[in-house]
Amino acid sequence: MEIDDIRGDLSEVLFTEEQIEKRIAELARDIERDYPDGDVLLVGVLKGAIIVMADLTRELKFHAHIDFMAVSSYGASTQSSGVVKINKDLDTDVAGKKVLLIEDIMDSGLTLSWLVENMRARGASSVEVCAMFRKPEAVKIPVDVRYVGFDIPPSFVVGYGLDYAEKYRNVRGLGVLAPAVYGGADPHA
């Protein structure tokens, strides 16, 4: 779905498909530089990271080893409980492996910091993070993010894997959702 298809639901377009594609290529070159032998397990954090994971792995010039994990700290609420629940665990044993967590967005850092510690507790030899989008102003727990696609304002954004009520994930671009669409209060605050 093109970003123009939902323009009426947006207050602003932050990044076009072309801008995101260019940045994905740059991130892939950085990852290839840091893992020249391709000896890294890419762990996509579902559901949001599915789009960035697909685009990034296709851009890499080495055989990408991938797995997925789904975690939640929201439950049925729109605010994080701070308690992380594993909804889908890895199929791969990470002990002794270099792990690169692939995230769609880093906002508070609560879930991401838990994931980093969880990978370390499982015996990963190294754990790094790649986040396509980061909201620096929303960070509550600092997490070292080695690869950042774009820093964005603390607005409620959709597209490129990010949703509102399971809509907008497949939009080719990133935009700020108009408050009228979701009732005005940021549902992820």
Side-chain angles (χ1 to χ4, degrees), residues 1-70 98-109 111-112 115-116 119 126-139 142-164 166-178 181 186 188:
M1 178 181 290
E2 303 299 325
I3 199 143
D4 285 339
D5 296 335
I6 65 157
R7 193 163 295 266
D9 291 351
L10 302 176
S11 59
E12 178 183 3
V13 172
L14 294 177
F15 301 104
T16 64
E17 178 180 18
E18 294 76 22
Q19 290 170 305
I20 292 171
E21 285 175 348
K22 181 177 184 276
R23 188 66 186 122
I24 284 285
E26 293 167 352
L27 290 170
R29 301 299 79 83
D30 291 343
I31 293 167
E32 291 163 355
R33 179 198 63 229
D34 294 342
Y35 302 97
D37 56 3
D39 183 26
V40 63
L41 173 66
L42 305 178
V43 175
V45 183
L46 298 173
K47 294 180 185 173
I50 190 71
I51 306 295
V52 65
M53 183 77 155
D55 288 351
L56 184 61
T57 56
R58 287 185 305 212
E59 182 65 32
L60 290 169
K61 295 184 184 349
F62 58 69
H63 296 287
H65 302 278
I66 64 172
D67 203 343
F68 293 93
M69 190 170 191
K98 297 173 188 170
V99 173
L100 178 57
L101 294 169
I102 309 294
E103 265 283 25
D104 53 351
I105 191 165
M106 181 194 166
D107 42 35
S108 72
T111 303
L112 197 49
L115 279 166
V116 169
M119 293 298 109
S126 69
V127 182
E128 299 293 346
V129 176
C130 174
M132 190 64 209
F133 306 106
R134 177 176 61 182
K135 294 181 180 179
E137 296 172 45
V139 173
V143 176
D144 183 26
V145 180
R146 185 169 188 156
Y147 310 99
V148 176
F150 299 99
D151 281 331
I152 61 173
S155 305
F156 184 43
V157 294
V158 294
Y160 203 70
L162 296 159
D163 76 304
Y164 171 63
E166 292 300 322
K167 292 170 55 177
Y168 306 105
R169 284 193 200 280
N170 61 323
V171 172
R172 298 172 180 264
L174 187 80
V176 176
L177 193 62
V181 175
D186 184 342
H188 290 205

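Keep in mind it's a predicted model, so treat the numbers as computed, not measured.
- The heavy-atom pair separating Leu14 from Pro153 by the smallest distance is CD1-CD, 4.3 Å.
- In this structure, the side chain of Arg146 does not engage the main chain of Ile31 through any donor-acceptor pair within 3.5 Å.
- Put simply, the side chain of Val129 reaches to within 4.5 Å of the side chain of Val116, judged on heavy atoms.
- Going from atom CD1 of Ile20 over to atom CG of Leu174 covers 6.0 Å, rounded to the nearest 0.5 Å.
- Contact of the Asp5 side chain with the Val171 side chain is not registered, since no non-hydrogen atoms from C-beta on lie closer than 4.5 Å.
- Atom-to-atom distance recorded for Glu137:CD and Asp151:CG is 9.5 Å, nearest 0.5 angstrom.
- The shortest heavy-atom contact between Gly149 and Arg23 is O-NE, 2.8 Å.
- Asp39 contributes atom CG, which lies 7.0 Å from atom NE2 of His65 (distance to the nearest 0.5 angstrom).
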query = Could you walk me through whether Arg7 and Val13 pass the side chain to side chain contact (heavy atoms under 4.5 Å, CB included) check?
reply = CA-CA 8 Å; Arg7 193 163 295 266; Val13 172; 3.2 Å; yes
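- Between Glu128 and Lys98 there is no salt bridge, since none of the side-chain N atoms of the basic residue sits less than 4.0 Å from a carboxylate O of the acidic one.
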ask   = Where do Ile3 and Glu17 land on the side chain to side chain contact (heavy atoms under 4.5 Å, CB included) test, with the steps shown first?
value = CA-CA 8 Å; Ile3 199 143; Glu17 178 180 18; over 6 Å; no
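- Within a 6.0 Å sphere centred on CZ of Arg172, other residues, nucleotides and ligands contribute 12 heavy atoms or fewer.
- Note on ring orientation: taking the six-membered ring where Trp is involved, the planes of Phe150 and Phe15 are parallel (angle under 30°, cut-offs 30° and 60°).
- In this structure, Lys22 pairs ionically with Glu26, as a charged nitrogen and a carboxylate oxygen lie closer than 4.0 Å.
- Here the side chain of Lys135 pairs a donor or acceptor atom with the backbone of Ser155 at under 3.5 angstrom.
- Across every non-hydrogen atom of Leu115 and Glu103, the tightest pair is CD1-OE2, 4.3 Å.
- What you find for Ile102 and Ala49 is that their closest heavy atoms are O-CB, 3.3 Å.
- In this structure, a donor-acceptor pair under 3.5 Å is present between the side chains of Tyr168 and Asp9.
- Residues Val52 and Tyr160 form a side-chain contact, since some pair of their non-hydrogen atoms from C-beta on lies under 4.5 Å apart.
- Minimum interatomic distance between Leu27 and Cys130 (heavy atoms only, all atoms of both residues): CD1-SG, 4.3 Å.
- Across all non-hydrogen atoms, the minimal contact from Val139 to Met106 is CG2-CE, 3.8 Å.
- Ring centroids of Phe62 and Tyr35 are separated by 6.0 Å or more, keeping the two rings apart.
- For the pair Glu59 (side chain) and Ile24 (backbone), a donor-acceptor distance under 3.5 Å is absent.
- Taking the side chain to side chain contact (heavy atoms under 4.5 Å, CB included) definition, one finds that Glu166 meets it with Lys47, Asp163, Arg169, sequence neighbours left out.
- Residues Leu162 and Phe133 meet the side-chain proximity criterion, which asks for heavy atoms closer than 4.5 Å.
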request  = Evaluate the side chain to side chain contact (heavy atoms under 4.5 Å, CB included) criterion for residues Leu41 and Asp67: first the C-alpha distance (whole Å), next the side-chain angles of each, then the deciding distance (0.1 Å), finally the verdict.
outcome  = CA-CA 7 Å; Leu41 173 66; Asp67 203 343; 4.3 Å; yes
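- In this structure, CD1 in Ile50 is found 10.0 Å from CG in Asp55, a value given to the nearest 0.5 Å.
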